[in-house]
Amino acid sequence: MTTTTSTESTESTETLIADARTRIDAMDDRIIGLIQERMAVSAVIQEARMTSGGRRVNLSREMEVLSHYSDALGKPGTSLAMTMLELCRGRI
């Protein structure tokens, strides 16, 4: 029978938390990178649309994006999508 002391349990918990936070930090870095990539692609689309005489922002497309995030993540997804769309607008 293995006995775990309170100190060992606390150290194990602290290690678990530290490892999980390291993973979260790495995921956040990837998410930021993807958002930056999305911003660049969005700028290309906006430039092409404006060059052809269109508007910089396509509101119906933005509504599709909002719906997609909301369907996947619920109400907080809508807020997240709004923030992302704001980041991607007007970078030309």
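Throughout, numbering of the chain's residues begins at 1 and tracks the sequence.
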Identify every side-chain donor-acceptor pair in residues 27-39 under 3.5 Å, counting partners at least two apart or on other chains, and give the distances.
none

Scan the side chains in residues 59-67 for donor-acceptor partners under 3.5 Å anywhere in the protein, sequence neighbours excluded, and list what turns up.
unit_1	atom_1	unit_2	atom_2	d
S60	OG	N58	OD1	2.8
R61	NH1	E64	OE1	3.2
E62	OE1	R89	NE	3.4
E62	OE1	R89	NH2	2.7
E62	OE2	R89	NE	2.9

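- Here T10 pairs with S6, E14 under the side chain to side chain contact (heavy atoms under 4.5 Å, CB included) rule; sequence neighbours left out.
- Checking each of K75, M84, M82 against Y69 for a side chain to side chain contact (heavy atoms under 4.5 Å, CB included) leaves exactly one that passes, namely M84.
- Qualifying side chain to side chain contact (heavy atoms under 4.5 Å, CB included) partners for T15, counting only residues two or more places apart in sequence or in other chains: D19.
- A distance of 12.0 Å separates CD1 of I17 from OG1 of T22, quoted to the nearest 0.5 Å.
- In this view, S52 satisfies the side chain to side chain contact (heavy atoms under 4.5 Å, CB included) rule with no residue, not counting sequence neighbours.
- S42 and C88 get closest at one heavy-atom pair: OG-O, 3.3 Å.
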